[in-house]
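Let me begin by presenting the structure, written as structure tokens, before commenting on it.
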Amino acid sequence: MEKYLLYINGQFRESSDGGTFKAVNPASGEVIAEIAKATVEDTRAAVDAARNAFDSGIWSELPREERSRIIKQIVDKINENARHLTGLEVADSGSTLKKAGEDVFLSAKSLNHYSKMALLDLNEEVEGLSKPGVSKNIVRREPVGVCALIIPWNFPLKMAIWKLGPALAAGCTVILKPAMETSVTAMELARLIDQTDMPKGVVNIICGPGSSIGTELTSNPKVDKVAFTGSTEVGKTIMKSAAGNLKKITLECGGKSANIVLDDADLETAVDGAIYAGFYHQGQCCEGGTRLLVHEKIYEPFVNLLKEKIERMKIGDPMDKTTNVGPVVNESQFNSVMDYIRIGKEEGAEVLTGGKRYGEKGYYIEPTVFINATNDMRISQEEIFGPVVTLIKFRDDDEAVKIANDSVFGLGGAVWSGDDARALRLAERLRTGTVWINEYHLLSDRAPFGGYKQSGIGREFGLDGLKEYTEAKHIHIDEIKDRTKKTWYAVVVPQDNGS
Ligand code: NAP
Ligand code: MG
């Protein structure tokens, strides 16, 4: 069986107490690899490595072209090993082959984009306080320093890249901690990075429990920033833990996004879109369209077609190219989703389709839609993170906006309509970080992604995303050579009053 070791300071090592854990395939329950489980001591070693690498300037002071070249080497390694990485991602996470293939492709594409962003000179000269010729003002964007990157299990490789890319492009050094549930592709990434010219200690990758090594990473005073993707609950814990040395934090947390179907939407497209929005990767997407708001005028035909189409979806082996729905990631997630299905029924919502376990082996759940639901129910307010969509009827655009915004989250959402102008007006009123019009899930390397309200702090992607890994420094160069003309001259130098 494959064994993965911790990657610290450019070396692969066993954990300090020899501990390991097993990577399990959720479709079969089979153990696919053994992984070294980092201790707090290992975590400190990884932080020290990243700190020393940062302080030495070995990465932050490299010419931009050189940083870009080395990041590009990682891109090439991912592309060369795409098939292997895809297979591992399917086996470790229950992603369907199609989703995992896409994830690997998009990881390489995204990192390639960051290799180009590494070339950007973000420093600029801005106008001074008063007249020209008084001062020159430079705003520099410098790397924030040592970054702890903590990621979840739903898009393992992609999330790793979304954090590594901008951190490395900005000149930071990092400690990446994948979710224990899905650590395999991150450890493969360590092997690939080790084959490039990346200086030792710049990238450290360690696996282990968030409760111990995650806490060490977020509280260690040698860490300058924490970039986290995961649940809102853990995000709040991290904010507290990071307060000790006032670390910079970016949090990409949960969501309960409204997917709004207007009465003038193309029915067939909107139904397909609703299925894609709600059930892609078994609904284990933070931005998923889990509250499906449907205009009352098209409610009947929409619901009928939705049920028919969902019931034609193929549930099964994620390695089968024709599979639409794979298993959820593990037993505890399975139990938690099944619990929410029970809660929905108890709250008085009605199951339109699904609602049950599928088969006897593996953590499969039928894609489930609740109807006759209201927005105050727990199944409308809480993140379920599984194949469960709550469908709510609305009367007009104002009511749709009101329901959509009645949430503690604000991550994604969509509007399906035949009228772009109407959809855009509605999109502008949603308190959420991303809105798609007649689309879902698609993110752009060039546009920011992140959450309003309790969906997060800060943004990923685009210039906003890169700047999150920088500190802004203002350098004021005074150009007044005659000291008596300094604005403060009269304040500090005793003046002869002439008497
Ligand atoms: P999670 O339980 O919050 O865990 C996320 C990561 O944090 C894991 O690596 C976990 O480690 C670690 N962690 C747990 N407790 C920690 C602590 N006290 N200190 C530091 N790190 C800690 O989330 P998940 O269950 O893996 O993922 C699902 C959640 O992620 C959902 O809420 C979803 O909405 C959110 N998500 C958000 C986005 C976004 O971009 N907004 C994207 C994807 C997912 P271990 O699990 O290994 O112990
Ligand atoms: Mg696994």
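Here the structure is a predicted model, which means the values were calculated and not measured. One-based numbering, in listed order, for ligands and for the atoms of each.
For ligand 1, the atoms closer than 4.0 angstrom to any heavy atom of Gly254 are 34 (O). Taking a cut-off of under 4.0 Å to the non-hydrogen atoms of Pro209, the atoms of ligand 1 that pass are 48 (O). Numbered from 1 in the order shown, with element, the atoms of ligand 1 that lie under 4.0 Å from a heavy atom of Leu411 read 41 (N). Within the listing of ligand 1, atoms 9 (O), 47 (O) sit less than 4.0 angstrom from a heavy atom of Ala179. Distances below 4.0 Å separate heavy atoms of Gly214 from the following atoms of ligand 1: 19 (N), 20 (C), 21 (N). Less than 4.0 angstrom separates some heavy atom of Phe228 from each of these atoms of ligand 1: 3 (O), 5 (C), 6 (C), 7 (O).
For OH of Tyr276, the number of neighbouring non-hydrogen atoms (other residues, nucleotides, ligands) closer than 6.0 Å is greater than 12. For Arg431, the CZ atom is loosely surrounded, since the number of other residues' heavy atoms within 6.0 Å does not exceed 12. Heavy atoms of other residues, nucleotides or ligands lying less than 6.0 angstrom from CZ of Arg357 number more than 12. Atom CD of Glu346 has more than 12 heavy atoms from other residues, nucleotides or ligands within 6.0 Å. In this structure, Lys3 places its NZ atom where more than 12 heavy-atom neighbours from other residues, nucleotides or ligands lie under 6.0 Å away. Counting heavy atoms of neighbouring residues, nucleotides and ligands inside a 6.0 Å radius, atom CE of Met313 exceeds 12 of them.
Side-chain contact, Ser110 with Asp445: a donor N or O sits under 3.5 Å from an acceptor N or O. For the residue pair Gln333 / Tyr363, no side-chain donor-acceptor distance below 3.5 Å is found, with atom types taken as modelled. Thr185 and Glu89 share a side-chain donor-acceptor pair at under 3.5 Å.
With a 4.0 Å heavy-atom cut-off, ligand 1 is reached by no atom of Glu460. Counting heavy atoms closer than 4.0 Å to ligand 1, residue Phe155 contributes nothing at all. Under 4.0 Å from ligand 1, heavy atoms of Thr229 appear from its side chain as well as its backbone.
Atom NZ of residue Lys453 and atom OG1 of residue Thr432 lie 8.0 Å apart, to the nearest 0.5 angstrom. Note that NZ of Lys247 is 9.0 Å distant from CG of Leu217, once rounded to the nearest 0.5 Å.
Nearest protein heavy-atom neighbour of atom 24 (P) of ligand 1: Trp153 NE1, 3.3 Å. For atom 28 (C) of ligand 1, the nearest non-hydrogen atom of the protein is Phe385 CE2, 3.5 Å. Of all protein heavy atoms, the one closest to atom 39 (C) of ligand 1 is Cys286 SG, 3.0 Å. Nearest protein heavy-atom contact of atom 43 (C) of ligand 1 is Asn154 ND2, 3.1 Å. Of all protein heavy atoms, the one lying nearest to atom 16 (C) of ligand 1 is Val234 CG1, 3.4 Å. Scanning the protein for heavy atoms near atom 11 (O) of ligand 1, the closest one is Lys177 NZ, 3.0 Å. Remark: minimum distance from atom 27 (O) of ligand 1 to any protein heavy atom is reached at Pro152 CB, 3.4 Å. Atom 31 (C) of ligand 1 has its closest protein heavy atom at Glu383 OE1, 3.3 Å.
Under 4.0 Å is where a charged nitrogen must lie from a carboxylate oxygen, and between Glu41 and Arg44 no such pair does. Asp339 has a carboxylate O that lies under 4.0 Å from a charged side-chain N of Arg342, or vice versa, which qualifies the two as a salt bridge.
Taking 4.0 Å as the cut-off, Gly456 does not count as a neighbour of ligand 1 on heavy-atom distance. The closest approach between any non-hydrogen atom of Gly208 and ligand 1 is below 4.0 Å. Note on ligand 1: Met159 sits in its first shell, one or more heavy atoms being nearer than 4.0 Å. For the ligand labelled ligand 1, residue Gly451 lies outside the 4.0 Å heavy-atom shell.
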Original post:
Should Thr20 and Glu34 be marked as a side-chain hydrogen bond (donor to acceptor under 3.5 Å, both in side chains) after you check the CA-CA gap, both sets of side-chain angles, and the distance that decides it?
Top reply: CA-CA 6 Å; Thr20 62; Glu34 191 182 4; 2.8 Å; yes
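Close N/O approach between Ile151 and ligand 1 is found [any backbone or side-chain N/O within under 3.5 Å]. Taking distance alone, with nitrogen or oxygen atoms compared against 3.5 Å, Thr232 stays at or beyond that limit from ligand 1. For a threshold of 3.5 Å applied to N or O pairs, the pair formed by Thr237 and ligand 1 contains no separation below that value. Between Gly210 and ligand 1, an N or O atom pair is found at a separation short of 3.5 Å. Between Met180 and ligand 1, a contact under 3.5 Å exists for at least one N or O pair. At least one N/O-N/O distance between Ser231 and ligand 1 falls below 3.5 Å. Any N or O atom pair closer than 3.5 Å counts here, and Cys253 shares at least one such pair with ligand 1.
Note that atom 4 (O) of ligand 1 has no protein non-hydrogen atoms nearby, at separations under 4.0 angstrom.
The six-membered or imidazole ring of His281 lies near that of Phe155, with a centre-to-centre distance under 6.0 Å. With ring centers used as reference points, Trp416 lies 6.0 Å or more from Tyr440.
Partner of Val90 under the side-chain contact (heavy atoms from CB on, under 4.5 Å) criterion, out of Leu85, Thr96, Leu97, Asn25: Leu97 alone.
Residue Gly230 holds the heavy atom nearest to atom 35 (C) of ligand 1 of all those in Ser455, Gly230, Cys207, Ser212.
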